[in-house]
Amino acid sequence: MEAFEETEVTRQRIDSIKSLREKGIDPYGGRYERSHTTARAIQLFLDSEDPSAEKFESPPVRLAGRLMGKREMGKAIFGDLHDLDGHVQLYFKKNDFTPEVFEEIVKALNLGDIIGVEGPLFRTRTGEITLHVREVTVLSKVINNLPPLKETTDEAGHIHRFFQFADVEMRYRQRYLDLILNRDVRDHFRKRSRMVSIFRRELDQMGYMEVETPMMHHIAGGAAARPFITHHNALDIDLYLRIAPELHLKRLIVGGMEAVYEINRNFRNEGISIKHNPEFTMLEAYKAYGDRDTVMELCEHLVSTAVEDMFGGHQVAYQGITLDFKRPWKRISMIDAIHEVVGIELDLHAPLADLLEKTRGLGIDTTDLTTHGKIINAVFEEKVEESLIQPTFIIDYPTEISPLARQKKDDPDLVERFELFIYGRETANGFSELNDPAEQYRRFEEQLAQRQGGDQEAHPMDLDYVNALRCGMPPAGGIGIGIDRLAMILTDSASIRDVILFPLLRPKE
RNA sequence: GAGCGGAUAGCUCAAUCGGUAGAGCAGCGGCCUUUUAAGCCGUUGGUUCUGGGUUCGAGUCCCAGUCCGCUCACCA
């Protein structure tokens, strides 16, 4: 049986909880009706305050939250009550309570306790709006000794912390503590949620229908990545956690659902880094009768609307750089971007040897690169990507690295595809969907050959998907937007772990 | 997967050349009825990440391992 190792402090707390119970006080109180949040209570006070009055008091309010500061002054005690929106100072006066309540409840309050308080708001001598507590209800006593929260906010609104809960590992493992103690963390996740709800709102308004497709796949397709494998006992079959919802969403397009989207998790069995978590969230959207440009505009619309709604403008500060989302964003082909940044002109149709000759001296390992498309893509990824700081659409990708995309009419070696880069990171990807079943079958066969040649991430054959195309899929545009990556930008987070509530970590011990 | 760095009290961190593990905050007790990083007095709290080794003596030096961070690789 696993158990907690109690410290002196936790033992004391457990004992005091027991003695509260013995006195008929529930240390884990139930439902508590609040009249306001702390922020709204303060606003109410400011709205109704009569500055000419000698001593102004608001009508009583009922608030609930976590006690994060306690300053004992003998027969008076000050505290800080924190809730989701903000915090307010509490003032307890000994005379306001029976001696028992003051000793056993008020004085016995620990940092981190969750309480309900009722009373009028007033201003202290130093001008701070403060709740004069007339009634206190214990809602949850803490056992653990929470790290101290000591901070001030200056006039510009900057938080100055004197002690912090900063251990990165502990912050991720015990995110609840991180959320309690680091208010900006809570704010990040609120922003992320806001961004997602703006996307939903816009897509819904445009007539897209939100759907949910399987997370467990028989064939891990729709992207180039290694999957996680799991097992279903009753059917006794291995299944893959999906690496992308793409092929299922397009089956829905075949089925006549003309505009669909899904916001959900993908799982890729790859490395973990500042930009990668094994499970990450993707928005994918498909529009029948559209094409690459339809979804490129959708992408631009969604992201710039989120930026404008959240920041009131089109500029976002990210890691000390100003990102400008004013539309339209730059659009440039992959070949032209390489020319612009690296200064060499690559020709997709030149003999392979010529292409290799031109890329010599760039410091790119070309030993495993067997096709024009892979070479050009490697040059782009290694030499161009990191320079794409401002939002930029790269268009016209080599067909060889885009097995699900429709070829350009005037050049079958290129597809109608775009990727969005922000701060040198791929943030979205979209294309005109390939709806020719024979061509799709040929592409899968090509991928299969690459897989047999050792490319573990080459796309597997999916005959059922080809069969869907044989039933007729309208031309369509499809897009995937990396929600976590975008959330990083909009919250000025350096690491993807700062926008994922519970990032994957190795288990302790 | 590779390289570099880190792990000491509940939290943030010290600890000289290898010589008795400390401070602030939190906790506990006391004083203080408008404080606010409250203050003052007193006090509890340690498997120094784990396991070996060197040494009279290891938080410190050596070896192995665990976990985290950063960089690289793979990828979005």
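Here is the naming used below: chain letters follow the sequence lines, and residue numbers restart at 1 for every chain. Everything numeric here is computed off the predicted structure, so don't read it as measured data.
- For the C1' atoms, the distance from B:G46 to B:A7 is 15 Å, rounded to whole Å.
- Shown here, B:U47 forms no base pair; nothing in the strands shown gives a Watson-Crick or G-U wobble contact with both key distances under 3.5 Å.
- If you check every strand for non-hydrogen atoms under 4.0 Å, A:G271 touches a base.
- A:A223 comes within 4.0 angstrom of nothing in the nucleic acid, heavy atoms only.
- Going from the P atom of B:G51 to that of B:U47 covers 12 Å, rounded to whole Å.
- The nucleotide B:A21 finds no pairing partner, because no Watson-Crick or G-U wobble arrangement with both distances shorter than 3.5 Å includes it.
- For the pair A:E8 and A:L146, nearest-nucleotide mapping onto RNA chain B gives the more 5' position to A:L146.
- Between A:H82 and A:H87, the ring-plane angle classifies as parallel under the 30° and 60° cut-offs.
- Judged by centroid separation below 5.5 Å and plane tilt below 30°, A:F280 stacks onto the base of B:A76.
- Note on A:D96: nothing from the nucleic acid sits closer than 4.0 angstrom, heavy atoms only.
- Ion pairing between A:R161 and A:D184 holds under the 4.0 Å rule for side-chain N and carboxylate O.
- The same atom, C1', is picked in B:C28 and in B:G65; the two are 39 Å apart, to the nearest Å.
- Only the P atoms considered, B:C61 is 16 Å distant from B:U8, to the nearest whole Å.
- At a threshold of 4.0 angstrom between heavy atoms, the contacts of A:D167 are confined to the sugar-phosphate backbone, with no base atom among them.
- A:L505 comes within 4.0 angstrom of the backbone, heavy atoms only, and of no base.
- Residue A:R173 is in sugar-phosphate contact alone, with no base atom involved, counting any heavy-atom pair closer than 4.0 Å across all strands shown.
- Here B:A73 sits opposite no nucleotide as a Watson-Crick or G-U wobble pair (both hydrogen-bonding atom distances under 3.5 Å).
- A distance of 9.5 Å separates CZ in A:F418 from CZ in A:F431, rounded to the nearest 0.5 Å.
- The pair A:D187-A:K191 meets the salt-bridge criterion, since a charged nitrogen lies less than 4.0 angstrom from a carboxylate oxygen.
- Looking at A:K70 and A:E72, a side-chain N of the basic residue comes within less than 4.0 Å of a carboxylate O on the acidic one, giving a salt bridge.
- Base engagement by A:K93 is indicated by at least one non-hydrogen atom pair under 4.0 Å involving a base atom.
- A cation-pi arrangement is absent between A:K330 and A:F393, since the terminal nitrogen or guanidinium carbon is not both under 6.0 Å from the aromatic centre and inside a 45° cone about the axis.
- Among B:C28, B:U44, B:C70, the nucleotide with an atom closest to any side-chain atom of A:R497 is B:C70.
- Looking at A:R125, its side chain has no donor and acceptor atom pair within 3.5 Å of the base of B:U34.
- Heavy atoms of A:L181 sit nowhere under 4.0 angstrom from any nucleic acid atom.
- For the C1' atom pair drawn from B:G45 and B:C32, the interatomic distance equals 27 Å after rounding to whole Å.
- When heavy atoms are screened at a 4.0 angstrom cut-off, A:E72 is found touching base atoms of the nucleic acid.
- Rounded to whole Å, the C1' atom of B:U20 lies 16 Å from the corresponding atom of B:C56.
- Separating the C1' atom of B:U55 from that of B:C74 is a span of 46 Å, rounded to the nearest Å.
- Among the nucleotides B:C70, B:C74, B:G1, the one closest to the side chain of A:E270 is B:C74.
- Across B:U34, B:C32, B:C68, the shortest atom-to-atom separation from the side chain of A:T124 is found for B:U34.
- Backbone-only engagement by A:A224 is indicated by non-hydrogen atom pairs under 4.0 Å involving sugar-phosphate atoms exclusively.
- Contacts of A:M282 with the nucleic acid, taken as non-hydrogen atoms under 4.0 Å apart, are absent.
- Between A:E400 and A:I376 there is no side-chain heavy-atom pair separated by less than 4.5 Å.
- Among the heavy atoms of the strands, none lies under 4.0 Å from A:R161.
- With a 3.5 Å ceiling on both atom-pair distances, the Watson-Crick or G-U wobble partner of B:A7 is B:U66.
- Nucleotides B:G5 and B:C62 are separated by 11 Å at their P atoms, to the nearest Å.
- A:E426 comes within contact range of the sugar-phosphate backbone alone, with a heavy-atom separation under 4.0 Å but no base atom that close.
- A salt bridge links A:E419 with A:R417; the closest basic N to acidic carboxylate O contact falls under 4.0 Å.
- Where A:E5 and A:F122 each meet RNA chain B at their nearest nucleotide, the meeting point lying more 5' is that of A:F122.
- When heavy atoms are screened at a 4.0 angstrom cut-off, A:R506 is found touching the sugar-phosphate backbone but no base atom.
- In this structure, B:G39 forms a base pair with B:C31, meeting either the Watson-Crick or the G-U wobble geometry with both donor-acceptor distances under 3.5 Å.
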